[in-house]
Engineer: 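Dropping the structure in here first, questions after.
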Amino acid sequence: MTPPEAPIVGKDASTGDMPPAVSLRLEVLRKRPDFQRAARAAHVAKPGFVVQMRERRSDEVPGQDVIRVGFTCSKKVGNAVARNRAKRRLREIARLALPTEGRGGMDYVLIGRKDKTADLPFAQLRDDFSDALKTLHARAK
RNA sequence: GCGGAAGGCUGGAUGGCCGCGGCGGUGACUCCACUGUCGAGGAAAGUCCGGACUCCAGGAAGAAACGGUGCCGGGUAACGCCCGGGCGGGGCAACCCGACGGAAAGCGCCACAGAAAGCAAACCGCCCCGGGUGCGCCCGGGGUAAGGGUGAAAGGGUGGGGUAAGAGCCCACCGCGCCCCUGGCAACAGGGGCGGCACGGCAAGCCCCACCGGGAGCAAUGCCAAAUAGGGACCGCGCGCCGCAAGGCGGGGCCGCUUUCGCCCCAGCAGGUCCGGGUUGGCAGCUAUAGCUGCCCUCGCAAGGGGGCAGUCAGAGGAAUGGUCAUCCAUUCGGGGGCGACCCCGGAGGACAGAAUCCGGCUUAUAGGCCUUCCGCGCGU
């Protein structure tokens with residue numbers, strides 16, 4: 001079932017992000033202060049998750065060629081198994097979309113929701129994430 | 001075949017595409033790319049016990065307090081765990097359950113009901129004597145504890161003798177207590193003798209006895225680096241008393257307590273040197289041994305012990321061990337076909353649950369599937 005999905009990726013890739021994407025790198029957020037700064041920035045809520053995005057200041061350590069992304073699932077999401085599964089699915093949609101649809105110099109934080117993050121169809125999660133990114137990028141303009 | 005008891009195993013499979021963490025290799029190799037290899041559980045969970053390990057308290061001994069354990073024996077590094085046994089209780093049985101030391105060391109409590117709840121008493125009764133009778137019984141005195149009733153429990157139980165009625169008053173058996181013998185390492189069991197019964201229950205109320213326990217925890221702890229508050233030591237100057245000097249005197253401190261042994265410190269100051277350090281980050285601790293896994297020998301009823309061979313098996317740190325799709329596998333729902341086992345089409349969903357220093361246990365959660373042994377009933381031979 002991979003072939004049917006390939007056109008989607010190809011279509012998104014043709015929107016014009018290809019040239020700067022040459023050296024975009026993904027890094028994972030690990031420090032609490034980074035999460036707290038992102039929490040004060042813009043956010044978009046979708047059924048399966050919430051996305052926060054913050055533009056790093058130009059003098060911050062990771063340069064403009066780096067996209068950073070963090071994942072948060074609090075105890076409200078469920079027990080350890082539910083939290084881990086939600087986080088893994090969030091990681092996957094981020095990994096699939098950010099190299100082509102993300103912007104350098106941004107910190108993204110994805111927040112899991114109870115039951116929805118683990119149960120919604122994967123394709124819907126991907127579509128919602130693309131929509132959320134477009135909304136955030138338009139707002140940041 | 002039906003019903004039941006005990007124990008054990010498993011807990012989705014295969015493949016495609018795309019990924020993650022550790023270690024190794026290769027490449028102009030701090031980034032990165034490619035490649036090889038390894039990568040969650042029986043409970044990883046609760047954090048309830050027991051340890052290893054680390055730090056704290058100066059060494060040793062002791063006492064008190066506090067906490068825990070509690071039939072006996074064995075196993076173990078240890079345990080509150082495990083195995084075997086005893087006793088008590090439940091079940092036709094297989095088997096299961098048990099805070100199971102001490103109540104003549106002391107204190108305390110025993111609700112409700114009941115006449116009476118621990119010291120002997122007597123509500124209804126029963127019996128005898130005296131008196132009165134309207135003959136139904138009533139009053140007074142005394143003897144009883146068999147019967148009724150209450151209760152979780154009422155001063156041994158059953159039967160016989162005995163008596164006015166009764167009563168260990170007497171007798172037999174059972175129970176209980178003491179002594180002795182036998183078996184057993186022991187808990188305990190069996191037997192004999194004596195005693196006429198005295199010693200109610202609760203120790204999951206305090207308590208007593210025996211045994212065990214110092215405290216805190218990997219966010220332990222050690223190392224490195226930067227900035228900085230600002231503390232201490234030594235050198236130098238100076239310095240209470242005694243002494244030529246070494247040093248002593250005097251004062252103070254060191255495990256929560258005690259004893260003993262031992263140790264340490266002691267005004268002030270411009271300067272120099274060194275140490276130290278809240279916090280943040282990095283590295284170590286960090287995964288291999290009271291090991292684990294498989295097979296075998298041996299001792300033991302067993303838990304387990306001794307030995308041999310082979311292999312070596314997650315180490316993250318906002319936390320890797322996955323995401324997704326397809327097929328199969330069981331499960332279930334709807335429709336159809338077939339006498340039936342079952343088959344076809346479509347759909348749903350896949351138990352509990354995710355390592356965080358590491359072991360040994362316990363407890364709790366768990367869809368479905370599988371295996372072994374045993375018991376009762378029924379049927380057949």
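Bear in mind the structure is a predicted one, so any value in this text is a computation, not a measurement. Lettering follows sequence order; numbering is per chain, from 1.
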Engineer: Check the distance between B:rG323's P and A:L125's CG and give it to me in whole angstrom.
Structural biologist: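 Checked: the CG to P distance equals 13 Å.
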Engineer: Between A:Y108 and A:V51, what is the shortest heavy-atom contact and its length?
Structural biologist: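 Distance-wise, the nearest heavy atoms are CD2-CG1, 4.5 Å.
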Engineer: How long is the gap from CG on A:L90 to CZ on A:R113, to the nearest 0.5 Å?
Structural biologist: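 Interatomic distance, A:L90 CG to A:R113 CZ, rounded to 0.5 Å: 11.5 Å.
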Engineer: Does any nucleotide pair with B:rA52 by Watson-Crick or G-U wobble geometry, both distances under 3.5 Å, and what is it?
Structural biologist: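 Partner of B:rA52: B:rU357.
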Engineer: Pick from A:R103, A:E101, A:M106: which one makes a side chain to side chain contact (heavy atoms under 4.5 Å, CB included) with A:L133?
Structural biologist: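 Answer to the side chain to side chain contact (heavy atoms under 4.5 Å, CB included) test with A:L133 among A:R103, A:E101, A:M106: A:E101.
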Engineer: Applying a 3.5 Å limit to both distances, which nucleotide forms a Watson-Crick or G-U wobble pair with B:rC81?
Structural biologist: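 Result: B:rG75.
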Engineer: Tell me if B:rA6 is syn or anti. Syn = glycosidic torsion within 90° of 0, anti otherwise.
Structural biologist: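 This nucleotide is in anti.
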Engineer: Base of B:rG168 relative to its sugar, syn (within 90° of 0) or anti?
Structural biologist: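 Syn conformation here, the glycosidic angle of B:rG168 being no more than 90° from 0.
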Engineer: For the P atoms, the ones on B:rG21 and on B:rU293, what distance do you get once it is rounded to whole angstrom?
Structural biologist: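 Here B:rG21 and B:rU293 have their P atoms 31 Å from each other.
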Engineer: Is any side-chain nitrogen or oxygen of A:R85 closer than 4.0 Å to OP1 or OP2 of B:rG323?
Structural biologist: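 Affirmative; the distance criterion is met.
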Engineer: With a 3.5 Å limit on both atom pairs, tell me what B:rA165 is paired to, counting Watson-Crick and G-U wobble, or say none.
Structural biologist: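 The answer is none; no pair meets the criterion.
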Engineer: Expressed in whole Å, how much space separates the P atoms belonging to B:rA316 and B:rC352?
Structural biologist: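 Pairwise P distance, B:rA316 against B:rC352, rounds to 30 Å.
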Engineer: Can you tell me how far P in B:rC329 sits from the matching atom in B:rC343, rounded to whole Å?
Structural biologist: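 The answer is 10 Å between these two P atoms.
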Engineer: Counting only Watson-Crick pairs (N1-N3 plus N6-O4 or O6-N4) and G-U wobbles (N1-O2, O6-N3), all under 3.5 Å, who is the partner of B:rG250?
Structural biologist: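 Base partner found: B:rC266.
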Engineer: What distance, rounded to whole Å, do you find between the two P atoms, one in B:rA6 and one in B:rC97?
Structural biologist: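 After rounding to an integer number of Å, I get 8 Å for this pair.
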Engineer: Give the minimum heavy-atom separation between A:L125 and A:R89, together with the two atoms involved.
Structural biologist: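 For A:L125 and A:R89, the tightest heavy-atom pair comes out as CD1-NH1, 3.8 Å.
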Engineer: Given that both distances must come in under 3.5 Å, which nucleotide forms a Watson-Crick or G-U wobble pair with B:rG231?
Structural biologist: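 In the structure as shown, B:rG231 has B:rC275 as its Watson-Crick or wobble partner.
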Engineer: How many Å lie between NZ on A:K87 and P on B:rG354, as a whole number?
Structural biologist: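 A:K87 atom NZ is separated from B:rG354 atom P by 13 Å.
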Engineer: Please give the distance between the C1' atoms of B:rG354 and B:rG281 as a whole number of Å.
Structural biologist: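 Straight-line distance between the two C1' atoms is 29 Å.
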Engineer: If we call it a pair only when both distances are under 3.5 Å in a Watson-Crick or G-U wobble match, what pairs with B:rU372?
Structural biologist: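 The answer is B:rA6, by the H-bond criterion.
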Engineer: Could you state the atom-to-atom distance from CZ of A:R95 to C1' of B:rA320 in whole Å?
Structural biologist: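 Result: 14 Å.
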Engineer: Could you state the atom-to-atom distance from CG of A:L90 to P of B:rU324 in whole Å?
Structural biologist: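 Rounded to the whole Å, the gap is 11 Å.
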Engineer: Can you tell me the distance, in whole Å, between the CZ atom of A:R88 and the C1' atom of B:rC18?
Structural biologist: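 Distance, rounded to whole Å: 16 Å.
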Engineer: Need to verify one output field. Residue with the more 5' nearest nucleotide on RNA chain B, A:E92 or A:V109?
Structural biologist: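 Going by which nucleotide is closer to the 5' end, it is A:V109.
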Engineer: Please enumerate all residues that pass side chain to side chain donor-acceptor pair (under 3.5 Å) together with A:Q52, with sequence neighbours excluded.
Structural biologist: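 For A:Q52 there are no side chain to side chain donor-acceptor pair (under 3.5 Å) partners, ignoring immediate neighbours.
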Engineer: Rounded to the nearest angstrom, tell me the gap between atom CD in A:Q124 and atom P in B:rU324.
Structural biologist: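 It works out to 14 Å between those atoms.
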Engineer: Passes side chain to side chain contact (heavy atoms under 4.5 Å, CB included), A:V109 versus A:V50? Steps please.
Structural biologist: CA-CA 8 Å; A:V109 172; A:V50 174; over 6 Å; no
Engineer: For A:I111 and B:rG318, what is the distance between atoms CD1 and P respectively, to the nearest whole Å?
Structural biologist: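 So the two atoms are 18 Å apart, to the nearest Å.
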Engineer: Work out how far the P atom of B:rA99 is from that of B:rC107, and round it to whole angstrom.
Structural biologist: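 Approximately 31 Å lies between the P atom of B:rA99 and that of B:rC107.
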Engineer: What residues form a side chain to side chain donor-acceptor pair (under 3.5 Å) with A:R95, not counting sequence neighbours?
Structural biologist: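 Applying side chain to side chain donor-acceptor pair (under 3.5 Å) to A:R95 gives A:E92.
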Engineer: If you check every side-chain atom of A:R89, which of B:rC18, B:rU321, B:rU324 has the closest atom?
Structural biologist: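 Of the options given, the side chain of A:R89 lies nearest B:rU324.
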Engineer: Would you mind calling B:rA288 syn or anti? Take O4'-C1'-N9-C4 for purines or O4'-C1'-N1-C2 for pyrimidines, and syn is within 90° of 0.
Structural biologist: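 For B:rA288, whose glycosidic angle is within 90° of 0, the conformation is syn.
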Engineer: When you compare B:rG42 with B:rC9, how far apart are their P atoms, in angstrom units rounded to a whole number?
Structural biologist: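 Rounded to whole Å, the distance is 11 Å.
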Engineer: Could you let me know what B:rC173 is paired to, Watson-Crick or G-U wobble, both distances under 3.5 Å, or none if it's on its own?
Structural biologist: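 When the pairing criteria are applied, B:rG157 turns out to be the nucleotide that pairs with B:rC173.
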Engineer: Between B:rA319, B:rG322, B:rC18, which nucleotide gets closest to the side-chain atoms of A:R91?
Structural biologist: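 From the listed options, B:rA319 comes nearest.
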Engineer: Report the distance from atom CD1 of A:I93 to atom P of B:rU324, rounded to the nearest whole Å.
Structural biologist: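 Spelled out: CD1 on A:I93 to P on B:rU324 is 11 Å.
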Engineer: What's the gap between B:rA356 and B:rA288 when it is taken at their P atoms, as a whole Å value?
Structural biologist: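 Between the two P atoms, the distance is 16 Å.
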Engineer: Is the glycosidic angle of B:rG136 within 90° of 0, making it syn, or outside that range, making it anti?
Structural biologist: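 Chi for B:rG136 falls in the syn range.
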Engineer: Which glycosidic conformation, syn or anti, is assigned to B:rG42 if syn requires a torsion within 90° of zero?
Structural biologist: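 This nucleotide is in syn.
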Engineer: Sort out the partner of B:rC377 for me: Watson-Crick or G-U wobble, both distances under 3.5 Å, none otherwise.
Structural biologist: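 Across any shown strand, B:rC377 pairs with B:rG1.
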